[in-house]
Amino acid sequence: MKYSFISVAIAIAILSGCGNKEKTIHPVVKPITESVYASATIQAAEQYTLYPAIAGKIISFQANEGDVITAGGLIAHLENATASNAANTAKSALTLSKEAAIQIQEIEAQLKSAREQAKLDSINYQRQQNLWSKEIGSLAQLESRRLAALASKNAVIALNAKRIQIKNQMQFNVSQAQSNANIAEKTLGDFAVKSDIGGEVFQLLAKKGEWVSPQKPLAIIGNSQDFLVVMEVDEMDIVKVKTGQTVLISMDAYDQSFEGHVSRITPIMNPKTQSFQVEAVFNTKPETLYPGLSAEVNIIIAQKPKALLIPVGSIDKSNTVKTTEGDVTVKTGLKNLEFVEILEGLTEKSEILIPKSK
């Protein structure tokens with residue numbers, strides 16, 4: 001009985017040891033593709049959000065959703081009584097400032113008369129001097145002629161100075177009034193809201209009668225013939241992404257993936273999302289697309305048709321692999337969610353220990 005008990009115990013131990021024995025696998029040679037995953041949104045090329053230049057109430061729309069417009073196309077008319085009044089006031093001020101030219105004409109007429117009077121008084125003074133040299137006339141008469149000639153001369157000088165002053169002031173007033181009128185006219189023109197680009201009106205973001213401002217968008221416009229795939233790439237992956245790389249685009253609206261390529265990398269990180277914006281264009285475009293569709297994108301970083309691969313779970317963070325010959329430190333290459341490429345340290349004949357899953 002004693003020996004039977006010992007035999008049973010040994011058998012149980014052997015069976016238990018066999019159950020915990022680690023499995024082994026060999027590295028395999030097969031193709032591998034390394035990619036960076038990113039969530040994305042479909043946007044129209046040159047997608048543009050239109051904001052009015054000034055605040056005002058929408059009195060009418062000149063374009064509807066789905067319309068195709070040219071650059072400078074009219075989208076809506078706004079109304080603002082204050083701006084209209086300012087424009088009218090500026091125009092009136094310009095008219096009044098130009099009418100001030102009549103004052104110049106009046107002064108020039110006065111100046112002409114003053115010059116004639118000064119010429120006459122100067123002649124009379126000269127004659128009186130000639131008579132006085134011949135002892136004809138009195139000293140009082142000579143002095144009177146001299147004072148009259150001096151007064152006429154001073155009157156000419158004063159009127160000429162006044163003419164120059166009024167002319168300069170008039171030119172300044174006209175220039176200022178013209179500038180104010182131009183500004184008022186431009187401001188009034190801003191109430192006709194126009195698109196800076198040509199394209200399709202995807203969405204009108206306000207309704208007739210609503211008050212809009214430079215902080216409230218009025219419409220979304222873009223090129224409906226070309227679309228962009230706008231991705232958010234994590235800062236840990238952005239250094240791997242280059243323009244021209246192939247991307248595989250998946251959308252819920254389609255059962256197939258579409259191929260494209262990276263066209264632009266925004267060289268600054270968004271601090272809120274800790275990511276970089278990357279754009280791609282379709283190489284093969286779906287028949288129908290709409291701005292705002294969500295997508296999932298894999299950016300192909302590298303590919304190899306033949307590589308020595310082991311499962312990702314069989315290597316630790318220090319690049320150590322457990323084998324039947326002991327722990328081996330390896331040099332790795334490409335990597336995806338399933339496999340990692342082994343460049344040095346293992347061969348196809350190596351036996352890798354895979355612990356039995358609990």
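Shown here is D316, whose CG atom has more than 12 heavy atoms of other residues, nucleotides or ligands within 6.0 Å. Within 6.0 Å of OH in Y290 there are 12 or fewer heavy atoms belonging to other residues, nucleotides or ligands. Within 6.0 Å of the CD atom in E235, the count of heavy atoms belonging to other residues, nucleotides or ligands exceeds 12. For NZ of K285, the number of neighbouring non-hydrogen atoms (other residues, nucleotides, ligands) closer than 6.0 Å is greater than 12. Taking a 6.0 Å sphere around CD1 of I136, one finds it holds more than 12 heavy atoms contributed by other residues, nucleotides or ligands.
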Considering only distance and modelled atom types, tabulate donor-acceptor pairs under 3.5 Å from the side chains of residues 137-145, sequence neighbours left out.
unit_1 : atom_1 : unit_2 : atom_2 : d
S138   : OG     : Q141   : N      : 3.2
Q141   : OE1    : S138   : N      : 3.0
E143   : OE1    : R146   : NE     : 3.3
E143   : OE2    : R146   : NE     : 3.4
E143   : OE2    : R146   : NH2    : 2.6

Would you be so kind as to tabulate the donor-acceptor pairs closer than 3.5 Å made by side chains of residues 227-234, with sequence neighbours excluded?
unit_1 : atom_1 : unit_2 : atom_2 : d
E232   : OE1    : S275   : OG     : 2.7
D234   : OD2    : M236   : N      : 2.8

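The shortest non-hydrogen separation linking S152 to A118 is CB-CA, 3.3 Å.
Looking only at side-chain heavy atoms (C-beta outward), R264 and T243 stay at 4.5 Å or farther from each other.
Of the candidates L74, L218, V201, F61 forms a side chain to side chain contact (heavy atoms under 4.5 Å, CB included) with just one, namely L218.
Checking side-chain atoms of T266 against main-chain N and O of I268 turns up no donor-acceptor pair under 3.5 Å.
Remark: E210 pairs with K216 by the salt bridge (Lys or Arg N to Asp or Glu O under 4.0 Å) rule, at least two apart or across chains.
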